[in-house]
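So the structure is just underneath, and the comments pick up after that.
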Amino acid sequence: MKSLTVQDIGKRYLLTSATRSKRTKATLDLKIAKVPLPWGMKVAPRELWALRNVSFEVEPGTILGVIGPNGAGKSTLLKILARVVRPTEGRVVGHGRVVSLIELGAGFNVDLSARENIFMNAAMHGIPRQEVVDKFDEILDFAEIHDFVDSPLKHYSSGMYLRLAFSVAINMSPHILLADEILAVGDMAFQERCLQRVAEEGKRGLTVLFVSHDMSAITRICQQAMWLKSGKLMQFGDSQSVVAAYTRDAMESLAGGPDTDAAQNARLLEIVSVRLVSPDDGRAIGAVPVDQDLLVRIRLQIRRPMRVRCLVDLRVKNTYVFRSPQPEFHAYEERGYYDVVARVPANLLAETSYNLDVVVYVEKSSGRTYLVNAIDVLSFTAYGAPYESEYRKGVVMPRVEWSVQAVEPESAEPGPSAAAGERAEEDPAADSVPTIEAPARAER
Amino acid sequence: MSTSPGQPARWELAHDHGFHAAARVQEIWRYRRLVWFFARQSFVSLYAKTQLGWAWILIRPLAPLVVGALVYGGVMGVPSVEVPYFLFLLVGSIAWNAFDGPWMWGGRGIELQRKLITKLYLPRMILPAGAMARGFIEPLVYIGVLLLMLPYYRYSDGTWYLAVSWDLLTAPLFLLLAASLAFSLALWTSNWQARARDVRFGLAYFLSFWMYVTPVIYPASQVPERFRAFVWLNPMATVVEGFKGAIFGWAFPPAWAVLLACGEVVVVFLSGFWYFHLLESETTDKL
């Protein structure tokens with residue numbers, strides 16, 4: 001009996017003009033497209049196969065890594081198995097209870113206590129109350145949160161939150177656990193405990209599907225791996241060889257871009273790898289807590305003496321968060337491998353997924369410059385204590401310090417209206433400066 | 001999915017997995033505790049970030065009641081049979097709001113949990129059922145007001161107005177009928193309400209129209225004789241008139257009208273159950 005049999009599965013999304021506009025923000029296009037067409041005419045929606053012709057089988061007790069670049073269909077696969085989306089074609093046959101950890105603590109309510117959340121989460125997986133009562137102490141033991149069981153989750157640290165989420169999931173005795181990046185987050189000791197637990201449950205027949213961008217975690221944790229690329233299954237097999245094939249492919253596609261002379265650059269330099277590394281021990285990690293420095297390590301192979309300057313772009317989908325160049329060109333005198341590390345200070349990132357691009361400028365002694373692009377070379381998740389998230393928004397969440405101070409009226413500075421008036425006298429065009437109005441709150 | 005330690009249960013996923021009503025009902029039963037969770041969650045967050053807090057629970061339903069009594073009863077002089085107009089409107093509003101609120105809130109069930117259902121599977125029919133609870137606040141407040149007003153009228157007018165008889169026991173049944181109709185209609189609309197917000201605004205408009213054709217602010221006896229039979233085609237007319245009849249001891253709507261209303265609710269529920277099933281799996285693709 002297989003734990004999971006996936007046969008020719010496919011998922012098609014129809015991108016109508018409305019859904020397309022959300023992605024590209026083509027407001028004008030949308031307005032044009034919305035002009036009603038004569039009767040009977042239709043704009044054919046664009047098709048997108050997030051996943052197609054994917055078939056595989058998993059034996060009970062396997063930890064299967066799912067790897068691939070962004071948009072390869074990894075999340076879609078997990079969502080199909082979690083029954084969140086329905087496949088357009090194909091068939092999945094599985095055995096036993098499926099528990100998904102697709103998003104850390106999905107279904108947790110930060111206003112409720114751990115006790116209430118445990119029961120609520122179990123109910124969301126359709127698990128009888130008595131089973132949770134029996135397992136309750138075990139859940140708390142594993143999460144190590146005995147003293148905080150009745151305090152709301154918003155007061156939890158990111159580590160406690162993570163431990164609770166994992167502990168609840170694993171203690172629901174799933175037969176199939178769907179985990180997105182979760183086994184790669186958290187400190188080393190916790191990871192070890194998770195893996196140990198997963199291995200124990202594996203003897204009982206637990207199958208884990210583990211999606212991660214952290215190749216070292218995949219090879220360490222998983223016996224088997226599958227590599228997806230633009231919705232297709234590229235390779236399925238033992239994790240070492242699949243990861244090797246994927247890395248090779250990723251590096252090949254990195255080497256050149258449309259505006260670079262790949263062959264030329266390859267003779268000068270190669271971006272060997274781009275990794276997030278832990279500030280403590282330099283180990284590669286796949287996710288980073290928001291309250292910890294983010295270290296991006298770019299490993300370069302320098303093939304001849306030259307001057308090189310790296311540049312890191314951080315994006316959330318198509319929104320630039322920032323572009324940070326290395327302050328100046330660095331002169332490499334000797335051939336060899338070098339690690340260029342960019343340290344992004346803690347308490348800046350938001351709780352979301354980021355994409356990272358690396359651009360390397362090469363200046364030869366002749367004075368000519370070249371460019372090596374590594375677009376979308378890495379994606380990772382930042383996670384953290386989800387405290388009072390109601391009003392927080394944005395692609396960054398720096399720790400902003402607020403203060404309030406009583407002031408005497410005479411010490412008040414001249415208001416902005418007076419300043420605007422002066423400016424208007426000097427420059428009549430200042431009238432056209434748009435005023436910023438308070439943003440309207442969306443009605444619920 | 002079984003919970004037995006032995007052989008784990010086999011399941012299958014495909015695009016077209018048919019419609020197995022009994023299995024759906026069983027599944028919902030297994031997840032039934034979620035109804036309470038979602039209901040409670042909606043109560044807790046309802047007025048969480050407002051200044052007046054829980055006072056809104058009283059202000060919101062009472063303001064239209066007082067204004068309505070002044071305008072319809074006072075200025076326009078709508079007849080209210082043999083009870084004070086305020087009391088007449090209050091009792092009618094209990095029945096109407098046991099339908100209006102639960103439908104509007106129940107219909108938002110999926111929309112309010114759209115983040116959750118793209119992460120996690122649960123029988124989505126739970127969501128309208130849980131969200132509906134929030135809509136019961138207004139009728140409950142009106143019932144509270146009624147319990148306060150009855151002794152007041154006993155003191156001022158010398159009569160309770162309330163007819164104490166076995167008929168009074170049918171009052172909750174009429175409210176149950178209203179709530180069942182609300183849930184059935186929420187099954188029809190909630191998927192669309194999650195996909196497009198316009199639907200909710202359209203529905204609010206439609207509901208105010210529906211209220212005017214239902215004898216809430218006027219008695220059914222005001223409707224000209226030749227149109228009277230058409231009034232009973234509207235199940236809410238039967239509910240509102242029946243509820244008023246139970247409270248004040250007036251004549252009930254004709255028996256055929258009550259049966260018709262029950263039949264309509266059953267038809268809307270069964271078709272809504274099927275229609276919800278038809279749409280629910282596509283909804284997560286369209287959020």
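Proteins come first, then strands; the chains are lettered A, B, ... in the order of their sequence lines, and each starts at number 1.
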| query | Is a salt bridge present between B:D285 and A:R86, judged by a nitrogen-to-oxygen distance below 4.0 Å? | reply |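 So B:D285 does not pair with A:R86 through a salt bridge.
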
| task | With a 4.5 angstrom heavy-atom cut-off, could you sort out which part of A:R204 is near chain B: side chain, backbone, both or neither? | result |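 Neither part, no heavy atoms under 4.5 Å.
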
| Side chain, backbone, both or neither: which part of A:L112 has an atom under 4.5 Å from a heavy atom of chain B? |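 Looking at A:L112, just its side chain touches chain B.
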
| request: Carefully, step by step, assess B:L120 and A:H125 under the rule side-chain contact (heavy atoms from CB on, under 4.5 Å). | output: CA-CA 8 Å; B:L120 189 79; A:H125 284 89; 3.5 Å; yes

| task | Name the member of A:I80, A:V93, A:L178 that forms the most heavy-atom pairs with chain B at distances under 4.5 Å. | result |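 Top count of heavy-atom pairs under 4.5 Å with chain B: A:V93.
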
| Considering all heavy atoms of both residues, which atom of B:P8 and which atom of A:G96 are nearest to each other, and what is their separation? |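 That closest heavy-atom pairing would be CB-CA, 3.5 Å.
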
| query | Looking at residues at least two apart in the chain, or sitting in another chain, which of them share a side-chain hydrogen bond (donor to acceptor under 3.5 Å, both in side chains) with B:Y205? | reply |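 Expected list: none.
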
| field | Donor-acceptor pair, side chain of B:R30 and main chain of A:A123, under 3.5 angstrom | value |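 Side chain of B:R30 to backbone of A:A123, a donor-acceptor pair under 3.5 Å: no, none is there.
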
| Is a donor on one side and an acceptor on the other found under 3.5 Å between the side chain of A:H95 and the backbone of B:R10? |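 Between the backbone of B:R10 and the side chain of A:H95 there is no qualifying donor-acceptor contact (under 3.5 Å).
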
| field | Options B:T283, B:I126, B:T284, ranked by heavy-atom pairs under 4.5 Å with chain A, top entry | value |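 The residue among B:T283, B:I126, B:T284 with the greatest pair count is B:T284.
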
| Greatest number of heavy atom pairs closer than 4.5 Å to chain A - which of B:L34, B:I117, B:L116 |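 The candidate making the most pairs under 4.5 Å is B:L34.
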
Report yes if some heavy atom in the side chain of [X] is under 4.5 Å from a heavy atom in the side chain of [Y]; otherwise report no.
X: A:V98; Y: B:W11; answer: yes
X: A:R91; Y: B:E12; answer: yes
X: A:E116; Y: B:R40; answer: yes
X: B:Q41; Y: A:D111; answer: no

| message | With salt bridge (Lys or Arg N to Asp or Glu O under 4.0 Å) as the rule and sequence neighbours excluded, what pairs involving residues 170-179 of chain A come up? | response |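 Sorted pair list comes back empty.
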
| Between B:E27 and A:R83, is a salt bridge (Lys or Arg N to Asp or Glu O under 4.0 Å) present by the stated rule, with each step listed? | CA-CA 14 Å; B:E27 185 189 37; A:R83 284 213 281 172; 3.5 Å; yes

| request: Below 4.5 Å from any heavy atom of chain A, which atoms of B:R124 appear? Answer side chain, backbone, both or neither. | output: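 The side chain, not the backbone.
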
| A:R129 and B:R33: side-chain contact (heavy atoms from CB on, under 4.5 Å), yes or no, with the steps? | CA-CA 9 Å; A:R129 194 182 165 81; B:R33 276 178 301 135; 3.6 Å; yes

| Can you tell me how far the OH atom of B:Y31 sits from the CE atom of A:M124, to the nearest 0.5 Å? |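 Separation between the atoms: 10.5 Å.
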
